[in-house]
Undergrad: 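Take this structure, written in structure tokens, and hold onto it; I'll ask about it next.
Reminder, nothing fancy here: chain letters follow the sequence lines and each chain counts from 1.
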Amino acid sequence: MPDKQTRQYYTSAFESVIAQLNKEQELAVNHIEGPMLVIAGPGTGKTHILTARIGRILQQTDAAPYNILCLTFTDAGVLAMRERLLEFIGPDAHKVHIYTYHSFCNTVIQENLEYFGRHDLEPLSDLERVEIIRRLLEQLPQEHPLIKGKRDIYYHEGALYDLFKRMKTENWTSEFIYNKIDAYLKALPEREDYIYKRKFKDFVKGDIKEAKLQEEVERMKKLRSAAALFPIYKEAMYKARRYDFDDMVLWVLKAFQENEALLRNYQEQYLYLLVDEYQDTNGTQNQVIQHLIEYWDKPNIFVVGDDDQSIFEFQGARLKNILDFYQKYEKSIELVLLKDNYRSSQNILDTSIAVINNNEKRMVVTLENLEKKLAAQNQFFATSTIKPHLFEYHNRLAENTDIVNRIEALHQEGFPLNEIAIIYAKHKQARAIIALLEKKKIPYNTKRRINILDLPMLQNLRLFLQYIAKEYRQPHSAEEELFQILHFDFLGISAQDIGRLSLYMAKHQASEDLYWRSILQDKKLFKLLKIEKPDTILEFGKLVDELIIHFNNYTTLKLLEKLINRSGLLKKIIHHDDKTWLLQVVATFFDFVKKETERHPRLTIYRLLETLRNMDANRIALGVNKTIYSDNGVNMLTAFGAKGLEFQYVFLLDCVKENWEPTTKGMQGRFTYPDTLTYSNIEDAMEARRRLFYVGMTRAKEQLYISYSKKDNKGKPLGRAVFIDEILEDTTLKIEEKILDKTALFEAQVLLLKELQVAQVERLDEATVNGLLANFALSASSLNRFLNCPLSFYYQYILRIPSSSSEAASYGTAMHFALRRLFDKMLLSETKTFPTEQVFIEDFEWEMKRQKGNFTKKEYQRRLKAGRSFLSKYYQYYIDEFPKKVKPELDIRNVVYKDVPLKGAIDLVEYLDKNYVHLIDYKTGSLDDKKLKMPTKAKPYGGNYWRQLVFYKILFDNYKSSNSIAQSGEIAYLETDKTSQFVKEKRTLSSKEVDVVGGMITAVWQKIKKHDFYQGCEDKNCKWCNFVKRNIMSDTYNDIEAEELDDL
DNA sequence: GGCCCCTCTCTTTTT
DNA sequence: GAGAGGGGCC
């Protein structure tokens, strides 16, 4: 019990707080019995009155602190509330039940474990979530709408999770979704968009657009089948003894609905209920509140919120909740509207109001007796004569440059940077300006969530681990990784030295059975090749050997530690400008591995690497909230993140349509929901974005700069956000066009453009390269490679960097093999009959077994299953049509066309008659008719498959042991398309096409002879260009080009 | 108006 | 990899 003196101190402190309240605040605080709704606009002292009212209840009623329940949204909210309450009423503040929705529900669960049935439940980690959903997908049949036609069966994993999450936060059942889908589809043919408005082709006015309708039906089929998986997901979670955040609320809601005694307990305990940020509650949370108060006709519930600041609709927050609440208790409810704003100048408030007044779905519109005009009361800024500015710039470079220059000037005057915020809608809008701040060494804060697994440093570390693991399992199986690792800058090996070794290897590797790993310890060779820094390489070689030898003795953590310490990485980090951040990254990674080791005590490197790959595939960030923080830095925030904060200067950045106004696009990685199910239509979406803009504006205390650019940096015109026009219409503010002088722009451009260069490597010694080229002949693949990126050609075909086979390519090989054996066996049989389907599939399985090393266990099972199924169908479909006058796998070498040596292997040559043949190339994977396109202006090289077919014609026609001519070519897909058909794309091959591809062949050959291949391409995702530019390998799905042509 | 085809881009955040 | 927006054509 606090002593008398302390009590007195707090009593008088609290009284002085009460005395300072304005009229509306006082009304709200002194209201104790019955429902009340407080509309608290920005800067009106929301937390203040909530806590003051708690104090009031304790002061004036018999209620004990534990009779009061105060719910808010975030931990930060709880913290702020508790702190304020401590100031007002002292230590009793700790006894008041202030919770987030989730911590409240978790408490209910913990207090009633016998009801919830299980004691051993644990929260679900991100990784486990992925594993559960993946297992679910793996069990689906090939024909399932979510699997069919997908290269990656986990493709919908993210969308599924999104759907399940939404079903939980909205308390939707599968049946509920089915009903909404049915209603949607039923009404669809009556919609304007689905009816022809005038005659078109065979259709007359009034006909239904069947194709468009069908598209929608397909989408809904996917959603329906996804929703059907929800119970299975829940079951799997239960079996795994896991629950997630949304379950906490959902289970409590269910308990409240099903068990009256349990609900009654809580209803009796909580005599007073206070809810903060009511506009952010989602469906399930709101229902929990409703249950807690439904016992009384006139519940003592005190709800604070601001409908104009409801910006979290995407996570289920519902504006409608506030209005429903008001209407439900209309008879007894008291409504208070807080109008005094203690933050901003009147000028800023008036401008903000001009924007938000355009919203129609507002309390003030629905309840007409309200006038929501904020009055500035801040003692420093209220009467400031400074007006907000609307700046228009020529382009984003000018906009960013000007803002940064302005901040730089403020910084030099000694103005505290933490009173400045740059606010935007999406993180990507801030990329360029952050780069500028960095280059100008202006400190800034951002709390963007970053996945450290994406950072080059960790990718490199992982590659190193992967190398050690692979080499341990099978020596010399990871030469490609080793070559990449040699380039890591922290090892300190010189590029010149690697070049010398590469040339040596390219020349001698094949003939002498050499391996990179073995030459790393070859001192004699180093001398011979005049290696500059042999010791560095020797040191590295020693480390690699040691790690491989001890691979099984070291624990995963120890191995990692050795690797970081001994490789030079740690040294490099310690001397780096950004060492605090980099150390944080390494530490976080270490912590993660440690945690994984605790979960799986015998965690192997293999398992760790697989876990990490899973995380990549599912964009699971390594729980890192990267905050770049300086005590006095400019605040870089999204409008969402800025909520609740305030700054003297606010720059609303890049206020253009494309970023601030709603996107019509459905989010990628989500299912499309029917609009009978989603809560908002297009106008609602615009209002939501307007609220976001309003939140951004109302962060400013004194100075507000709203800016946009007329064009993007490429010159494409941009439209300013409609909110700016609304300001122009309802205020006296005018657009101010800002023109920057050329020097300032140029300087910024130079600062920013450094990174855009095309990758380039040094020319190598002519004679040696000529030596490497001596036996080179152009294939369809190498031609393709060169046309796409000469630098990649150089690495792959000149230096012949070893590359491991991807699982997709290995699967393709096995499929090709089965086809080839099918025709071989037919030709060898006396009766010229094809072997049975079983034999056909056994051949596929045989080759798969041979390729097994290139698959993980799961990949192998899946590919085996897929291959069997496709080949079986293929056999049954085509067995009676297969041609018999054929030559499978025709391997052609030593062809010279216009002085260019050519080679290649043709999957199947079909002899049509004495003079003509037809060329067939088998493909696995999904069909893409772009690849069969002839050259256009934009794509002067044409599609890869088209070029390949013409190349084969040239190859075949110039092949000496043949007297016939290739008349036509065909791409035959061994997998079915969306409509379960095997697609065959046939083309007659003309002499004109031969001339076009012939031209490419001779042009490329000229360049190769001139060694004109040291320059990269412009593709951001190019594997080798990224390797040269940043020493990292980008391992994205975009790297399918290489295995596409699968010829040689 | 309606469709084909090419091109461009791929949020926001808390528990 | 997919969906939307814009240009071009009927």
Side-chain angles (χ1 to χ4, degrees), chain A residues 71-78 99-106 123-124 126 149-152 155-156 158-159 162 165 168-169 192-201 203 205 207 209 211-212 215-216 218-219 222 243-250 277 280-282 284-285 311-317 423-430 447-449 619 621 625 637-644 657-672 685 688-689 691-693 695-696 712 714 716-717 925-930 933 936-939 978 1020 1036-1038 1040:
Chain A
L71 290 176
T72 184
F73 215 66
T74 63
D75 285 329
V78 172
Y99 286 119
T100 63
Y101 291 98
H102 294 91
S103 60
F104 170 69
C105 290
N106 204 23
L124 179 86
D126 286 351
K150 285 277 168 292
R151 176 176 298 190
D152 171 13
Y155 183 78
H156 286 295
D162 183 74
K165 188 173 173 55
K168 281 183 183 181
T169 50
E192 287 284 290
D193 306 1
Y194 291 85
I195 296 167
Y196 281 100
K197 300 216 172 46
R198 63 173 175 75
K199 189 179 149 37
F200 180 80
K201 283 189 184 162
F203 304 102
K205 183 181 164 181
D207 276 0
K209 294 178 190 169
K212 193 176 160 138
E215 254 177 49
E216 213 53 27
E218 285 300 318
R219 275 196 198 113
K222 267 190 188 165
Y243 68 106
D244 61 23
F245 284 116
D246 302 310
D247 287 328
M248 292 182 198
V249 187
L250 204 60
E277 304 274 18
D280 286 341
T281 50
N282 65 37
T284 322
Q285 292 161 344
I311 53 176
F312 288 107
E313 270 176 327
F314 62 86
Q315 51 186 49
I423 295 178
Y424 35 89
K426 303 171 189 176
H427 285 299
K428 66 162 189 182
Q429 290 175 276
K447 44 175 190 178
R448 181 176 190 179
R449 178 171 280 269
R619 305 233 174 75
N625 230 344
L637 299 155
T638 63
F640 301 94
K643 203 174 164 207
K657 280 190 188 303
E658 63 176 38
N659 288 319
W660 283 92
E661 291 185 18
T663 39
T664 41
K665 219 185 242 182
M667 250 287 281
Q668 63 143 189
R670 281 187 194 170
F671 295 110
T672 326
R689 299 304 280 191
R691 289 193 290 271
L692 186 68
F693 195 77
V695 167
D712 71 4
K714 281 183 203 152
K716 194 185 104 193
S926 55
L927 115 139
D928 182 353
D929 48 8
K930 242 187 273 172
K933 286 263 150 66
T936 58
K937 235 184 204 165
K939 303 251 153 103
K978 270 182 269 176
K1020 272 184 297 192
T1036 57
Y1037 354 74
N1038 296 12
I1040 46 171

Undergrad: Over how many whole Å does the gap from A:K657 atom NZ to C:dA4 atom P extend?
TA: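 Answer to the nearest Å: 19 Å.
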Undergrad: Out of B:dT12, C:dG3, B:dT15, which has the shortest distance to the side chain of A:R689?
TA: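 Ranking B:dT12, C:dG3, B:dT15 by closest atom to the A:R689 side chain puts B:dT12 first.
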Undergrad: Consider the side chain of A:K165, meaning its heavy atoms from C-beta on, and name the nucleotide among B:dT14, B:dT11, C:dG1 that approaches it most closely.
TA: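 That would be B:dT14.
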Undergrad: Suppose we screen for side chain to side chain donor-acceptor pair (under 3.5 Å). Which residues come up paired with A:D162, at least two apart in sequence or across chains?
TA: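 With neighbours one apart ignored, the set is A:R670, A:Y673.
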Undergrad: Answer with base, sugar-phosphate or nothing: what part of the nucleic acid does A:K197 contact at a heavy-atom distance below 4.0 Å?
TA: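 Contact class for A:K197: sugar-phosphate only.
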Undergrad: For the pair made of CD1 in A:I311 and P in B:dT13, what is the distance, rounded to whole Å?
TA: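 Rounded to whole Å, this separation is 9 Å.
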Undergrad: Are OP1 or OP2 of B:dT13 and a side-chain N or O of A:T638 less than 4.0 angstrom apart?
TA: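 Yes, because at least one side-chain N or O of A:T638 sits under 4.0 Å from OP1 or OP2 of B:dT13.
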Undergrad: Would you tell me if any nitrogen or oxygen in the side chain of A:K643 comes within less than 4.0 Å of OP1 or OP2 on B:dT13?
TA: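 So the side-chain polar atoms of A:K643 never come under 4.0 Å of the phosphate oxygens OP1 or OP2 of B:dT13.
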Undergrad: With pairs defined as Watson-Crick or G-U wobble and both distances under 3.5 angstrom, please note down DNA chain B as a dot-bracket string, | for pairing with another strand.
TA: ||||||||||.....
Undergrad: How long is the line joining NE2 of A:H102 and C1' of B:dT15, in whole Å?
TA: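 Atom NE2 in A:H102 sits about 4 Å away from atom C1' in B:dT15.
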Undergrad: What residues, two or more places apart in sequence or in another chain, satisfy salt bridge (Lys or Arg N to Asp or Glu O under 4.0 Å) together with A:D75?
TA: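 Here no residue qualifies.
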Undergrad: Nearest-Å distance, CD (A:E661) to P (B:dT12)?
TA: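 From A:E661 CD to B:dT12 P: 18 Å.
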Undergrad: Can you measure A:L637 atom CG to B:dT13 atom C1' for me and round it to whole angstrom units?
TA: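 Result: 13 Å.
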Undergrad: Can you check the A:F671 CZ to C:dA2 C1' distance for me, whole Å?
TA: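 Whole-Å distance recorded here is 14 Å.
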Undergrad: By nearest heavy atom, map A:F640 and A:A76 onto DNA chain B; which one lands nearer the 5' end?
TA: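 So the residue in question is A:F640.
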Undergrad: Checking the side chain of A:E661 only, and the main-chain atoms of A:E658 only, is there a donor and an acceptor separated by less than 3.5 Å?
TA: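 Answer holds: no.
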Undergrad: For A:K933 and for A:L692, find the nucleotide of DNA chain B with the closest heavy atom, then tell me which residue's nucleotide is more 5'.
TA: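 Going by which nucleotide is closer to the 5' end, it is A:K933.
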Undergrad: C1' atom, C:dA4 versus B:dT11: distance in rounded Å?
TA: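 The answer is 16 Å between these two C1' atoms.
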Undergrad: Not counting sequence neighbours, which residues clear salt bridge (Lys or Arg N to Asp or Glu O under 4.0 Å) with A:K426? List them please.
TA: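 Salt bridge (Lys or Arg N to Asp or Glu O under 4.0 Å) list for A:K426, sorted by chain: empty.
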Undergrad: Side chain of A:R219: nearest nucleotide among C:dG1, C:dA4, B:dT15?
TA: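 From the listed options, C:dA4 comes nearest.
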Undergrad: Within the pair A:Y196 and B:dC3, is there a side-chain N or O less than 4.0 Å away from OP1 or OP2?
TA: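 Checking A:Y196 against B:dC3: at least one side-chain N or O falls below 4.0 Å of OP1 or OP2.
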Undergrad: Without decimals, in angstroms, what is the distance between A:N282 CG and B:dT15 P?
TA: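 Nearest whole value for this atom pair: 14 Å.
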Undergrad: For A:D246, report the nucleic acid contact type (base, sugar-phosphate, nothing); a contact means any heavy atom under 4.0 Å.
TA: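 Nothing, no nucleic acid heavy atom in range.
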Undergrad: For A:Y194 and B:dG2, what is the distance between atoms OH and P respectively, to the nearest whole Å?
TA: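 So the two atoms are 14 Å apart, to the nearest Å.
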Undergrad: In terms of side-chain geometry, is the basic nitrogen of A:K165 or A:D244 positioned less than 4.0 Å from the acidic oxygen of its partner?
TA: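 Salt bridge absent between A:K165 and A:D244.
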Undergrad: Give the nucleotide from the list B:dG2, B:dT12, B:dT13 with an atom nearest to the side chain of A:K209.
TA: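 Of the options given, the side chain of A:K209 lies nearest B:dG2.
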Undergrad: Once salt bridge (Lys or Arg N to Asp or Glu O under 4.0 Å) is applied, do any residues pair with A:R219, and if so which ones, sequence neighbours excluded?
TA: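 Salt bridge (Lys or Arg N to Asp or Glu O under 4.0 Å) check on A:R219 returns A:E215, A:E216.
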Undergrad: What residues form a salt bridge (Lys or Arg N to Asp or Glu O under 4.0 Å) with A:K209, not counting sequence neighbours?
TA: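 Counting only residues at least two positions away or on another chain, A:K209 forms no salt bridge (Lys or Arg N to Asp or Glu O under 4.0 Å).
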Undergrad: Would you verify whether the NZ or CZ of A:K212 falls within 45 degrees of the ring axis of A:Y194 while also being under 6.0 Å from that six-membered ring's centre?
TA: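 Flagged: A:K212 positioned over aromatic ring of A:Y194.
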Undergrad: Which nucleotide in the list B:dT13, C:dG1, B:dT14 gets nearest to the side chain of A:T74?
TA: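 The answer is B:dT14.
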